[in-house]
Amino acid sequence: MRTIVKEHVAETVTNEIFAPVLCDFVGWTLRSAAARNVKRLYFLARDGWIMYNTAKLIAERNGLDIELRYLCCSRISLRNAALADLGEEAYRYLLEGGFALTPRTILGRLRLSDNERTEVWADIGFTEDENIELGKAAAAELCGKLRNSTVYNDYIRLVAEANKSAALGYLEQEGLMSDEKYALVDSGWTGSMQRMFRVLTGRRQRGYYFGLYAQPSSEDGEFNAYLFDKHTPVRLVSTFNNNLFEALCSAPHGMTTGYEQRESGFFPVFKDQDNLNSGSRLLEIQERTLYEFAKMYELPTKFGVMERRQEFAFPLLVRLMYNPTAEIAKEYGSLRFSDDPSELYAFPLAAPLENTRRMYLLPRIFDKLFRKGKLAAPLYWGYGTAALSGKGRFCRLNLRLWEILWLIKRRR
């Protein structure tokens, strides 16, 4: 009975919500790229995996002549290759926060070995357990010491030197140094991946994204958003959950950690053979159902302005992301997610909470300002957690107000 329920939920959600929206995004990307005479589209790992496969089906169905490629990359693989070119900006990526932040997690972004981490800890006089979870104050103190550590900064330089050559070799091999007009395709959010491509290749890039929370720098190229950007009303964007969207776009392989040169060329190196949700029956059903939908998808004659896309997509996504049933929240909340670039930890998207206090706005603001320790569980998908915890409209409203405050801060 449980398997039947899961299949029914996955097929219904995919056919009625995810497939129509994702196919519309892919179709918009293909049509927009063709109108700009773009010859090649690179779908970025790993969110781009199902977008890439969907695009192949839609392009074939609608007779579009555009080259489609899947590019293996990640924040780790590109940032570590670009460290020497980022200057002070490198610290922002290497020392950024996270839910289950530990000293080992922070050094894990440089992919340092046990012995190398020991050298760094000795240099800054750190003698505690490197797996201890850090509160905000403790993390800030540790990161301050790392910034001033000669050993740590030497390893930043060494990691950059070790990664840049192979990364550039892979990008050139895949055609990103060519003069042919191409564009990147990804889920989006901040535009940092496109920035790393620009830093590494020295070329302004063009990108197509599902959504952008802030306005990326024009220095890094042209950014095109399908559903929302900095100017979209926060009342709409606050109902969207990018963590759930990323989990739905899971690829069959693990994170790209870098690149290596072999006799026949340059190849990506993966952290793991599988991804965080490998073996998920729900995602298997979703992918099968999505591709069947894509085979029948016909491109509209024109897509219109973003507001038209919002009128179509947001009401569908609200049913899944903002106002899910307990059944949907249970199935999709079981998908695992990590907010750390190194993926040294992961948690379910949503789970019932015994103490639901921190789902409300004022207690959550108090925790943000004054709490020193770690929270018990992440709110990767707060609306799903609310549904699983038996909370209704008032709780969702509090979670949404928090999202609105976060969005306003991001847009400054």
Side-chain angles (χ1 to χ4, degrees), residues 42-48 69-96 98 103-120 123 143 146-147 149-178 184 186 190-205 207 219-221 251 253-273 275 338-344:
Y42 291 97
F43 293 80
L44 306 185
R46 289 171 286 173
D47 295 359
R69 292 194 188 183
Y70 181 67
L71 193 72
C72 292
C73 57
S74 71
R75 287 179 291 172
I76 285 283
S77 69
L78 297 181
R79 288 175 183 177
N80 283 356
L83 286 174
D85 304 300
L86 292 173
E88 182 70 15
E89 186 181 352
Y91 292 117
R92 191 179 82 202
Y93 298 126
L94 292 172
L95 304 177
E96 66 183 340
R104 182 171 183 177
T105 300
I106 294 173
L107 294 195
R109 294 161 185 171
L110 286 175
R111 311 291 296 168
L112 299 186
S113 68
D114 292 347
N115 290 337
E116 290 167 342
R117 294 199 308 275
T118 299
E119 287 183 47
V120 175
D123 185 56
C143 290
L146 288 173
R147 287 173 66 99
S149 166
T150 300
V151 175
Y152 180 69
N153 282 283
D154 283 344
Y155 275 122
I156 291 179
R157 176 178 54 80
L158 291 172
V159 167
E161 291 176 355
N163 284 272
K164 186 172 183 178
S165 177
L168 288 176
Y170 177 74
L171 297 183
E172 183 174 12
Q173 169 187 284
E174 296 303 309
L176 277 86
M177 305 293 195
S178 72
L184 313 173
D186 198 9
T190 66
S192 66
M193 293 284 279
Q194 182 167 324
R195 174 162 179 76
M196 293 305 105
F197 280 110
R198 200 275 302 166
V199 169
L200 287 169
T201 66
R203 302 170 180 225
R204 294 178 77 252
Q205 304 287 328
E219 174 189 24
D220 300 319
H253 60 81
M255 178 184 68
T256 305
T257 59
Y259 308 94
E260 63 179 8
Q261 184 174 12
R262 304 176 194 164
E263 289 185 5
S264 56
F266 294 89
F267 295 86
V269 177
F270 299 113
K271 177 177 179 286
D272 300 299
Q273 181 178 355
N275 68 18
S338 177
D339 64 346
D340 184 74
S342 58
E343 284 192 359
L344 291 181

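Residue numbers start at 1 and run along the sequence shown. Since we're looking at a predicted model, the values are computed, not measured.
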Legend entry - Gap separating the CG atom of Asp186 from the CZ atom of Phe43, nearest 0.5 angstrom: 10.5 Å
Legend entry - Main-chain N/O of Asp220 paired to Gln194 side chain as donor or acceptor, under 3.5 Å: yes
Inset, instruction - May I ask you to decide if Ser74's main-chain N or O and Thr256's side chain share a donor-acceptor pair within less than 3.5 Å? - result: no
Legend entry - Backbone of Glu174 reached by a side-chain donor or acceptor of Arg69 within 3.5 Å: yes
Inset, instruction - Answer with yes or no whether the side chains of Asn80 and Tyr93 bring together a donor and an acceptor at under 3.5 Å. - result: no
Legend entry - Leu176 and Leu200, any side-chain heavy atoms less than 4.5 Å apart: no
Legend entry - Side-chain heavy atoms of Met193 within contact of Leu184, under 4.5 Å: no
Inset, instruction - Say whether, by atom type as modelled, one donor and one acceptor occur between the side chain of Glu260 and the main chain of Gly258 under 3.5 angstrom. - result: no
Legend entry - Approximate separation, where rounding is to 0.5 Å, of Arg109 CZ and Leu83 CG: 12.5 Å
Inset, instruction - Please assess Tyr170 against Cys72 for the test side chain to side chain contact (heavy atoms under 4.5 Å, CB included), listing each intermediate value before the final yes or no. - result: CA-CA 9 Å; Tyr170 177 74; Cys72 292; 3.6 Å; yes
Legend entry - pair Leu110-Glu116: side-chain heavy atoms closer than 4.5 Å: no
Inset, instruction - Evaluate the ring planes of His253 and Tyr70, with Trp represented by its six-membered ring, and classify them as parallel (under 30°), tilted (30 to 60°) or perpendicular (over 60°). - result: perpendicular
Inset, instruction - For Tyr259 and Leu171, indicate whether the former's side chain and the latter's backbone hold a donor-acceptor pair under 3.5 Å. - result: no
Legend entry - Side chains of Glu219 and Val199 in contact at under 4.5 Å (non-hydrogen atoms): no
Legend entry - Donor-acceptor under 3.5 Å (Asn153 side chain, Ser149 main chain): yes
Inset, instruction - Give, for atom CD1 of Ile76 and atom CE of Met196, the distance between the pair rounded to the nearest 0.5 Å. - result: 12.0 Å
Inset, instruction - Report yes if some heavy atom in the side chain of Arg111 is under 4.5 Å from a heavy atom in the side chain of Lys271; otherwise report no. - result: yes
Inset, instruction - Rounded to the nearest 0.5 Å, what's the gap from CE on Met177 to CG on Leu168? Could you check? - result: 4.5 Å
Inset, instruction - Output, in order, the C-alpha distance, side-chain angles, deciding distance and verdict of salt bridge (Lys or Arg N to Asp or Glu O under 4.0 Å) for Glu161 and Arg157. - result: CA-CA 6 Å; Glu161 291 176 355; Arg157 176 178 54 80; 3.5 Å; yes
Legend entry - Atom pair CG (Leu344) and CZ (Arg104), whose distance is rounded to the nearest 0.5 Å: 7.0 Å
Inset, instruction - Indicate yes or no: at least one non-hydrogen side-chain atom of Glu96 is less than 4.5 angstrom from one of Pro341. - result: yes
Inset, instruction - Determine yes or no for a side-chain-to-main-chain donor-acceptor pair under 3.5 angstrom, with Arg79 supplying the side chain and Leu94 the backbone. - result: no
Inset, instruction - Write down the atom of Ala167, the atom of Ala81, and the distance for their closest heavy-atom approach. - result: CB-CB, 3.6 Å
Legend entry - Under 3.5 Å: donor-acceptor pair, side chain of Thr201, backbone of Phe197: yes
Inset, instruction - To the nearest 0.5 angstrom, please state how far the CG atom of Leu146 sits from the OH atom of Tyr91. - result: 9.5 Å
